[in-house]
Amino acid sequence: MARIEPRLLKGFRDYLPEVMIPRVKMLRKIGEVFERFGFEPLDTPAIEYADILMGKLGPEAEKLFYRFKDNGDRDVALRYELTVSLARVVAQYGTDLPRPFKRYQMGPVWRAEAPSVERGRYREFWQCDVDIVGTQSLLADAECLAIDNAVMQAVGVKNFVIRFNNRKLFRGLQQKAGIASDSLMADVMRSVDKLDKIERDGVEKELTGLADLNEAQRATVLEFLDLAKFQSPNSERIARLAQFLAGTTDGEKGCAELSEVLQNAQRMGVPDQHVSADATIVRGLDYYTGTVFETTLTDAPHFGSVMSGGRYDGLVGLFSGKDEPAVGISVGIDRLVTALGELKLLKSGKASAQVLVTVFDESSTQYSLRIASELRSAGISAELYLDTPAKLGKQLKYAERKEIPFVVVAGPDEAASGEATLKNMLAKNQSRMKLEALAAAIAKP
RNA sequence: CGGCUAGUAGCUCAGUUGGUUAGAGCGCCUGACUGUGACUCAGGAGGUCGCGGGUUCGAGUCCCGUCUAGCCGCCCA
């Protein structure tokens, strides 16, 4: 019989238990933060009609779609992100949903791009989105910053910077520099976005390479760049940008919005040191219209943004015919888990059980079953050793390998006196106690 | 798609100018230990050397092809 070689598609992974345990803990913490801000859960299908998913993502993204014909010859695709499906839901259910509509959604998305394990980039990965649909209020944008900050705190990240910008600044810059062509402006923005990676000189070189960009225009863009990176408090930097873009309607509006979002976020308790107004932030997705966010871990910047999003006031209208303002932010859970693992900020875990109840021999097995059952009733996660007969040494090795902190040993001696021996695997000690005392001894290690 | 690097035990790797039966550490299993893991000692299992072809008396080693993985570029977050 021909053996089938076990293997995975490039960019896809198995999540083994020791990866899943910290991962589900993190998902739970993130979900708790979302609910604390009043968001309700939503889920949507992984596969949808291709035209819906690809609606406004732009031609670059289209190449990265997993797209195929289903058995009924329908043109379908795996979702690329979660926001487009939200826009579809809002349009489809209309007034059945309250406004503002606040929902969170956690699930896998797929992109057929070059994977990079080192940077936590895969072809299948999870996003955790929160979005607010139906309000133009910049309180909503600020709330995204507050949620970002709260999520970072909840997962134990101390050193991070949320950089945010407003797309309107680029429209202002376009007006100020007199760049007529939108596609040329897109090229300019692409270069600006690379600033962190290729430095100012690299950007300047790229701009020089743009044939349609004249010298005066290049100088204007570079001046903008220098103001954007000017080292000063956020409010001062915004003020300088506002001065620079004065006279352009979009530029003035963008700077005013930037400033309002910043102030709102401050009042919501987001510490200044975690927020940076950074006018070089572009973000790739085509549908963003206003505020955009990116979050980088100061100690692991090579992972890129672990939480990002922005305002997309035109997306819902694509499905409903009537524009509705919306803003949201999304955690890249896989990057975050990989990064935290690298920074040793993840508590590892290999077992769900707090205690392993060993089985001793035929005559005392009943007693072990009873112990396991009583521990579970007391709310303790208790695993019963299921392979019998087995030497005690083997069972202890099993507990050690799974890093189960406690082991209960109960043979005929203990059974006779209604007791059990509780071993603390880490402290390497053990003590004998009445069955009734067991749960309490495990609960407070 | 282009460039670079690498594929030898479950993992990390060694393997001389080509030369017997391909090794080490860790891990795993068994025993010393018929009520105790992490220490010690003894033993054991596990390899078509990525795959195919070529050169040679002889290839893990040299040559060609191919596949896979990783990195860089491109692209993207």
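Proteins come first, then strands; the chains are lettered A, B, ... in the order of their sequence lines, and each starts at number 1.
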Below 3.5 Å between N/O atoms, which protein atoms pair up with nucleotides 31-33 of chain B? Just atom names and distances, please.
residue, atom, partner, partner atom, Å
G31(B), OP1, Lys391(A), NZ, 3.2

Distances under 3.5 Å between nitrogen or oxygen atoms of protein and nucleotides 37-45 of chain B:
residue, atom, partner, partner atom, Å
G37(B), O2', Glu400(A), OE1, 2.4
G37(B), N1, Met425(A), O, 3.0
G37(B), N2, Met425(A), O, 2.7
A38(B), O4', Glu400(A), OE2, 2.7

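Between the OH atom of Tyr122(A) and the P atom of A69(B) there is a distance of 14 Å, rounded to whole Å. At whole-Å resolution of the value, CZ in Arg123(A) and P in A77(B) are 16 Å apart. Ile281(A) places its CD1 atom 16 Å from the P atom of C76(B), with the value rounded to the nearest Å. Atom P of nucleotide C74(B) and atom CG of Leu64(A) are separated by 16 Å, given to the nearest angstrom. A straight line from CH2 of Trp110(A) to C1' of A77(B) spans 18 Å, rounded to a whole angstrom. The separation between Glu206(A) atom CD and C74(B) atom P is 8 Å, rounded to whole Å. Note: CZ (Arg163(A)) to C1' (A77(B)) measures 12 Å, nearest angstrom. Rounded to an integer number of Å, the gap from Phe65(A) CZ to C76(B) C1' is 13 Å.
Note on Asp361(A): nothing from the nucleic acid sits closer than 4.0 angstrom, heavy atoms only. Nucleic acid contact class of Tyr398(A) (heavy atoms, under 4.0 Å, all strands): none. Residue-level contact check: Lys194(A) touches the backbone only, with heavy atoms under 4.0 Å from sugar-phosphate atoms and none from bases. Counting non-hydrogen atoms under 4.0 angstrom, Gln127(A) reaches nothing in the nucleic acid.
Comparing the C1' positions of U66(B) and G31(B) gives an interatomic distance of 48 Å, to the nearest angstrom. For the C1' atoms, the distance from C33(B) to U40(B) is 13 Å, rounded to whole Å. Nucleotides C62(B) and A14(B), compared at atom P, are 14 Å apart to the nearest Å. Taking the P atom of each, G46(B) and U30(B) are spaced 16 Å apart, rounded to whole Å. Distance noted for atom C1' between C71(B) and G65(B): 24 Å (whole Å). Remark: the separation of the P atoms in U55(B) and C72(B) is 40 Å, to the nearest Å. G54(B) and G10(B) have their C1' atoms separated by 34 Å, given to the nearest Å. Taking atom P on both nucleotides, A77(B) is separated from C64(B) by 40 Å, rounded to a whole Å.
Both the sub-6.0 Å distance and the 45° axial angle are satisfied by Arg23(A) relative to the ring of Trp126(A). Within the cation-pi definition used here (under 6.0 Å to the ring centroid, within 45° of the axis), Arg335(A) does not qualify as a partner of Phe125(A).
Look at Glu124(A) and Arg111(A) and you find no salt bridge, because none of the NZ, NE, NH1 or NH2 atoms lies under 4.0 Å from a carboxylate O. Contact check on Glu32(A) versus Arg28(A) returns no salt bridge, with no Lys/Arg side-chain nitrogen under 4.0 Å from an Asp/Glu carboxylate oxygen. A salt bridge links Glu294(A) and Arg283(A); the closest N-O separation between the charged side-chain nitrogens and carboxylate oxygens is under 4.0 Å. A salt bridge is absent between Lys158(A) and Asp299(A): the closest approach of a Lys/Arg side-chain nitrogen to an acidic carboxylate oxygen does not fall below 4.0 angstrom. Using a 4.0 Å cut-off between a side-chain N of Lys or Arg and a carboxylate O of Asp or Glu, Lys102(A) and Glu143(A) qualify as a salt bridge. The pair Asp131(A)-Arg103(A) counts as a salt bridge, with a side-chain nitrogen and a carboxylate oxygen less than 4.0 angstrom apart. Under a 4.0 Å N-O distance rule, the pair Asp226(A)/Arg200(A) qualifies as a salt bridge. Asp250(A) has no carboxylate O lying under 4.0 Å from a charged side-chain N of Arg167(A), or vice versa, which leaves the two without a salt bridge.
You won't find any donor-acceptor pair under 3.5 Å spanning the side chain of Arg111(A) and the base of A77(B), going by distance alone. Under 3.5 Å, the side chain of Gln395(A) and the base of G35(B) form no donor-acceptor pair of N or O atoms.
Aromatic rings from Phe34(A) and Tyr104(A) are positioned such that their centres are separated by under 6.0 Å. Aromatic ring centres of Tyr398(A) and Tyr385(A) lie closer together than 6.0 Å.
For the atom pair Asp182(A) CG and Asp187(A) CG, the distance stands at 11.0 Å (nearest 0.5 Å).
No donor-acceptor contact under 3.5 angstrom links the side chains of Glu81(A) and Ser330(A), judged on distance only.
Close to C28(B), at under 4.0 Å from its OP1 or OP2, lies no side-chain N or O of Arg401(A).
Both Gln430(A) and Thr296(A) sit near RNA chain B, but only Gln430(A) has its closest nucleotide nearer the 5' end. Nearest-nucleotide assignment on RNA chain B puts the 5′-proximal partner with Phe360(A), out of Glu294(A) and Phe360(A).
In RNA chain B, runs of at least 3 stacked Watson-Crick or G-U pairs (N1-N3 plus N6-O4 or O6-N4, or N1-O2 plus O6-N3, all under 3.5 Å) give these stems: B:1-7 with B:67-73, B:10-13 with B:23-26, B:28-32 with B:40-44, B:50-54 with B:62-66.
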